[in-house]
Amino acid sequence: MPRETLGAIEAGGTKFVLAVGPSPDRILARHTIPTRDPAETLAEAAAWFAAQGGVSALGIASFGPVELDRTAPKWGFITNTPKPGWADCDLVGYFTRALGVPVGFDTDVNAAALAEHAATGGTGGGLAYLTIGTGIGGGLVINGQPVHGIAHPEIGHIYPRRHPLDTEFAGICTAHGDCLEGLACGPAIIARWGKSLSELPADHPGHAIIADYIAQACHTLFASVAVEEVVIGGGVAQTPDLVDRVAARARELDNGYLPGGARHAIIAPRLGTDSGITGAMMLAKAAAET
Ligand code: ZN
């Protein structure tokens, strides 16, 4: 491999996706490994990069929570995750030592937002990326930069207004009960109706209820940070018609009020399921250039 080979990791709770290539839009090889304990998983990832001939920089797009403050002692760590063995895991430190190259780091959803923003041509207003799956997470790119604040956003934990047909279910978030994730993630759907959204009949009220909650989150993003686009990925979002239902419901909720509303878009990922790994490649490129 030439010296300018970028390496990328999309670190998830069930699998790690690894990739190498000369630029973010050109992945030459990829490999998926199951997430086990950190020692085993990280060693297998490092060995795969070595087997590709090494990389000149690495980007990591990780599940969270993570420490993104570059001045913090634990920058690059997964912090207080309940996932057994992974709390206080020094991801960046491990790969810095194992590969000896610069490492870029962000959340999986911020990386996905970066890649989706680049796929627009990088112009226009800001972009939010929501993933609706086992949990609900969101990343934001404003003025071309991922948004961090004192930590990363946790858009899945806002409280939506209850749908009138969904007043009994308590929600499953261990911290909040009926926050967005507690009401609309995949396990919350199964907890109330016994099936995934795509398995429910087309006339089941669950479709409108879940679309309403996600639409409320989109409206909150349009109203609070004035993004132009909300991109919705994740397993639940692959339910046929869900993204279109969300877009239609968000227009109803706004009722023509927000400035810029004519430009608002709620869409499926342009990059399909490659948003996260492409974003990780972008993090590697940025790390190589600093
Ligand atoms: Zn919550």
Side-chain angles (χ1 to χ4, degrees), residues 11-14 35 61-69 77-89 106-113 128-140 146-197 206-225 227 230-239 242-243 245-246 249-250 253 266 276:
T14 57
T35 307
S62 180
F63 71 98
V66 294
E67 179 57 78
L68 296 177
D69 178 357
F77 279 56
I78 292 174
T79 55
N80 60 339
T81 177
K83 189 171 174 58
W86 286 87
D88 257 347
C89 175
D106 213 317
T107 62
D108 46 6
V109 281
N110 264 345
Y129 181 93
L130 286 181
T131 179
I132 319 286
T134 311
I136 295 183
L140 274 173
V147 172
H148 292 163
I150 56 162
H152 46 82
E154 287 282 358
I155 298 163
H157 297 272
I158 61 175
Y159 287 100
R161 179 173 63 184
R162 279 303 189 102
H163 190 282
L165 299 178
D166 189 41
T167 55
E168 303 295 317
F169 182 61
I172 64 161
C173 178
T174 53
H176 311 120
D178 61 350
C179 66
L180 178 65
E181 177 172 294
L183 290 173
C185 70
I189 292 166
I190 290 171
R192 34 191 170 339
W193 299 307
K195 289 180 176 176
S196 71
L197 201 57
H207 293 286
I209 292 169
I210 297 304
D212 176 63
Y213 291 138
I214 301 170
Q216 289 189 56
C218 294
H219 180 72
T220 297
L221 288 161
F222 290 138
S224 59
V225 289
V227 290
V230 182
V231 178
I232 304 180
V236 174
Q238 289 171 24
T239 305
L242 179 67
V243 172
R245 281 176 187 268
V246 169
R249 181 63 184 141
L253 289 170
I266 296 173

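One-based numbering along the sequence shown. We count ligands from 1, going down the list as the structure has it; atoms in each ligand are counted the same way.
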task: Can you measure from CG (Leu183) to CD (Gln216) and round to the nearest 0.5 angstrom?
output: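 It is 9.5 Å, given to the nearest 0.5 Å.
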- request: Output the distance between atom CG (Leu242) and atom CD1 (Ile210), rounded to the nearest 0.5 Å.
  value: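 Going from the CG atom of Leu242 to the CD1 atom of Ile210 covers 8.5 Å.
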- prompt: Mind checking what makes side chain to side chain donor-acceptor pair (under 3.5 Å) contact with Asp108, not counting sequence neighbours?
  reply: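 Here no residue qualifies.
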message: Tell me every residue that passes side chain to side chain donor-acceptor pair (under 3.5 Å) with Ser196, counting only those two or more places apart in sequence or in another chain.
response: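 With neighbours one apart ignored, the set is Ser198, Glu199.
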task: Provide the protein N, O or S atoms situated under 2.8 Å from the Zn ion (ligand 1); waters are not included.
output: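 Result, waters dropped: His157 ND1, Cys173 SG, His176 ND1, Cys179 SG.
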field: Atom NZ of Lys83 with >12 non-hydrogen neighbours under 6.0 angstrom
entry: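 It does: Lys83 NZ has more than 12 such atoms within range.
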Result block: side-chain N/O donor-acceptor pairs under 3.5 angstrom for residues 169-182, not counting sequence neighbours:
{"from": "His176", "atom 1": "ND1", "to": "His157", "atom 2": "ND1", "distance (Å)": "3.2"}
{"from": "Asp178", "atom 1": "OD2", "to": "Arg162", "atom 2": "NE", "distance (Å)": "3.2"}
{"from": "Asp178", "atom 1": "OD2", "to": "Arg162", "atom 2": "NH2", "distance (Å)": "3.1"}
{"from": "Glu181", "atom 1": "OE1", "to": "Ile136", "atom 2": "N", "distance (Å)": "2.8"}

